[in-house]
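Computed from a prediction, not measured in an experiment: that's the story for all the values here.
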Amino acid sequence: MKRRQLFATLSIAVASLLLTAGLRLFDPSPVIAQSKANLLVSAAASLKDAMAEIKTVYQQSKPNVNISYNFGASGALQQQIEQGAPADVFISAAKKQMDALEQKGLLLAGSRANLANNSLVLVVPSNSTTVTNFNTLTDAKVKKIAIGEPRSVPAGQYGEQVLQNLNILQQVKPKLVYANNVRQVLASVESGNADAGLVYATDAKISNKVKVAVVASEKSHSPIVYPMAVLKSSKNPDAAKEFVKFLSSSPAQAVLKKYGFIVQASKVPATTR
């Protein structure tokens, strides 16, 4: 009799444990903790300041997405990606580098879009009076002209196109000092190591040590466009696609406009104009 009572008590205890476990297993309450997504964005150096602010804005609504940046010359970033360097998103300062990756099948299909446009300017030290337009670059007083390395820096490619179209490239070529990215060009002019330099309007906007001598005509160079895309090798393609989509949204475009980029007016709230 005692054995039967003991067996019954144990059976009830086991059944209670199984019932409790079952209720926990099928608990419909939402899971609060969310896994972190890490994104590495390889972007043209001219985007550095704008992308830093965009990251802050994005993470206000997506705190579980950790964004890291790799800034550099678009051509150098292209080569890194081709050689297998990890990256989730690529943003170039020219179509050439993005086209090359697309032709090699390295982009996630359907993810490519244009982020913004820019303009090219000739900058000089803020206290300079020697250079007032492109033609004065041929003056003997101008010793050094900073420009991005055309083979890897889109700003350098655009710069050479301008000088070629103005028929002064051969005259000023001995004066050209090549830099690894457009921010190095800016730094050379800021420090006075170069008498002038060819940078984007957005680069000139962030510096109080240089001034714009002249804005290059849009007809004198190829359109300056910033294409972006998710890479096929991305370890977080869904998060990467969400971020690229956000970059085309009004909040992100407003930040880009604030830093001097040319964006689609329809995407920017009227309060930012």
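Without hydrogens or angle criteria, Ser220 side chain to Val162 main chain gives no donor-acceptor distance under 3.5 Å. At distances below 3.5 Å, at least one donor-acceptor pair connects side-chain atoms of Asn181 with backbone N or O atoms of Gln184. The backbone N or O of Leu40 lies less than 3.5 Å from a partner atom in the side chain of Asp88, making a donor-acceptor pair.
With Tyr200 as the partner, the side chain to side chain contact (heavy atoms under 4.5 Å, CB included) test is satisfied by one option alone out of Leu186, Val121, Val123, Ile224: Ile224.
For the atom pair CG (Asp139) and OG1 (Thr132), the distance works out to 9.5 Å, reported to the nearest 0.5 Å. In this structure, NZ on Lys55 lies 6.0 Å from CG on Asn66, to the nearest 0.5 angstrom. Put simply, CD1 on Ile147 and CG on Leu176 are 5.5 Å apart, with the number rounded to the nearest 0.5 Å. Of the inter-residue distances, the one linking Leu106 atom CG with Ser234 atom OG reads 13.0 Å to the nearest 0.5 angstrom. Here CG of Leu107 is found 7.0 Å from CZ of Arg112. Values are rounded to the nearest 0.5 Å. Here the straight-line distance linking atom CG of Leu166 with atom CG of Asn133 works out to 9.5 Å at 0.5 Å rounding.
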Candidate pair Met98 and Gln78, rule side-chain contact (heavy atoms from CB on, under 4.5 Å), full reasoning: CA-CA 8 Å; Met98 192 67 76; Gln78 171 206 335; over 6 Å; no
Test side-chain contact (heavy atoms from CB on, under 4.5 Å) applied to Asn64 and Gln59, step by step: CA-CA 8 Å; Asn64 289 303; Gln59 291 186 321; over 6 Å; no
Derivation of the side-chain contact (heavy atoms from CB on, under 4.5 Å) call for Leu231 and Val89: CA-CA 6 Å; Leu231 295 170; Val89 175; over 6 Å; no
Full working for side chain to side chain donor-acceptor pair (under 3.5 Å) between Gln161 and Ser222: CA-CA 8 Å; Gln161 289 175 6; Ser222 301; 3.2 Å; yes
Full working for side-chain contact (heavy atoms from CB on, under 4.5 Å) between Asp195 and Val124: CA-CA 6 Å; Asp195 300 299; Val124 296; over 6 Å; no
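Note on ring orientation: taking the six-membered ring where Trp is involved, the planes of Tyr58 and Phe246 are tilted (angle from 30° to 60°).
Two rings, from Phe261 and Tyr226, have their centers less than 6.0 Å apart.
The ring pair (Phe, Tyr, Trp, His ring centres under 6.0 Å) analysis of residues 59-78, with sequence neighbours excluded, yields the pairs Tyr69-Phe71. Residue pairs that meet the salt bridge (Lys or Arg N to Asp or Glu O under 4.0 Å) test with at least one member in residues 158-186, sequence neighbours left out, are Asp49-Arg183, Arg183-Asp203. For the ring pair (Phe, Tyr, Trp, His ring centres under 6.0 Å) condition, no pair includes a residue of residues 90-144, sequence neighbours left out. Sequence neighbours left out, not one pair with a member in residues 108-127 passes ring pair (Phe, Tyr, Trp, His ring centres under 6.0 Å). Within the structure, salt bridge (Lys or Arg N to Asp or Glu O under 4.0 Å) contacts touching residues 117-126 (residues at least two apart or in different chains) do not occur. Counting only residues at least two apart or in different chains, side chain to side chain donor-acceptor pair (under 3.5 Å) contacts with residues 143-153 comprise Glu149-Arg151. Among residue pairs with one or both ends in residues 154-173, those qualifying as ring pair (Phe, Tyr, Trp, His ring centres under 6.0 Å) are Tyr158-His221; sequence neighbours excluded.
Side-chain contact between Leu247 and Met51: present, with at least one pair of heavy atoms (C-beta onward) separated by less than 4.5 Å. Using a 4.5 Å heavy-atom threshold, the side chains of Tyr178 and Val153 count as separate. Inter-residue side-chain proximity for Leu77 and Asn70 is flagged as met; some heavy-atom pair is nearer than 4.5 Å. A heavy-atom distance below 4.5 Å is not found between the side chains of Leu47 and Thr202. At least one side-chain heavy atom of Val189 sits less than 4.5 Å from a side-chain heavy atom of Pro125.
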With a 3.5 Å cut-off and sequence neighbours excluded, list the donor-acceptor pairs that the side chains of residues 206-213 form with protein atoms.
unit_1	atom_1	unit_2	atom_2	d
Ser207	OG	Glu190	OE2	2.5
Ser207	OG	Lys209	N	3.1
Lys211	NZ	Ser128	O	2.8

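Closest of all the heavy-atom pairs between Val142 and Leu137 is CB-O, 3.8 Å. The two residues Ala94 and Gln97 come nearest to each other via the heavy atoms CB-OE1, 3.3 Å. Of all heavy-atom pairs between Ser92 and Ala44, the closest is C-CB, 4.3 Å. Of all non-hydrogen atoms in Leu115 and Leu256, the two that sit nearest each other are CD1-CD1, 3.6 Å. Taking every heavy atom of both residues into account, Asn118 and Ala201 meet most closely at OD1-N, 3.7 Å. Across all their heavy atoms, Glu82 and Ala100 have their closest contact at OE2-CB, 4.3 Å.
Annotation: salt bridge (Lys or Arg N to Asp or Glu O under 4.0 Å) contacts of Lys205 (sequence neighbours excluded): none. Every residue two or more places apart in sequence or in another chain was checked for a side-chain hydrogen bond (donor to acceptor under 3.5 Å, both in side chains) with Asn135, and none qualifies. With sequence neighbours excluded, no residue forms a salt bridge (Lys or Arg N to Asp or Glu O under 4.0 Å) with Lys235. With sequence neighbours left out, the salt bridge (Lys or Arg N to Asp or Glu O under 4.0 Å) criterion links Glu218 to no other residue.
Met228 and Ile67 fall within a single hydrophobic cluster, where Ile, Leu, Val, Met, Phe, Trp and Tyr are joined by side-chain heavy atoms under 4.5 Å apart, directly or via other members. In this structure, Ile262 is not a member of the same hydrophobic cluster as Val225, with clusters built from ILVMFWY side-chain heavy atoms closer than 4.5 Å. By the criterion of side-chain heavy atoms lying less than 4.5 angstrom apart, applied directly or through intervening Ile, Leu, Val, Met, Phe, Trp or Tyr residues, Val199 is grouped together with Val172 in one hydrophobic cluster. A continuous path of hydrophobic side-chain contacts links Val185 to Leu163 [ILVMFWY only; heavy atoms under 4.5 Å].
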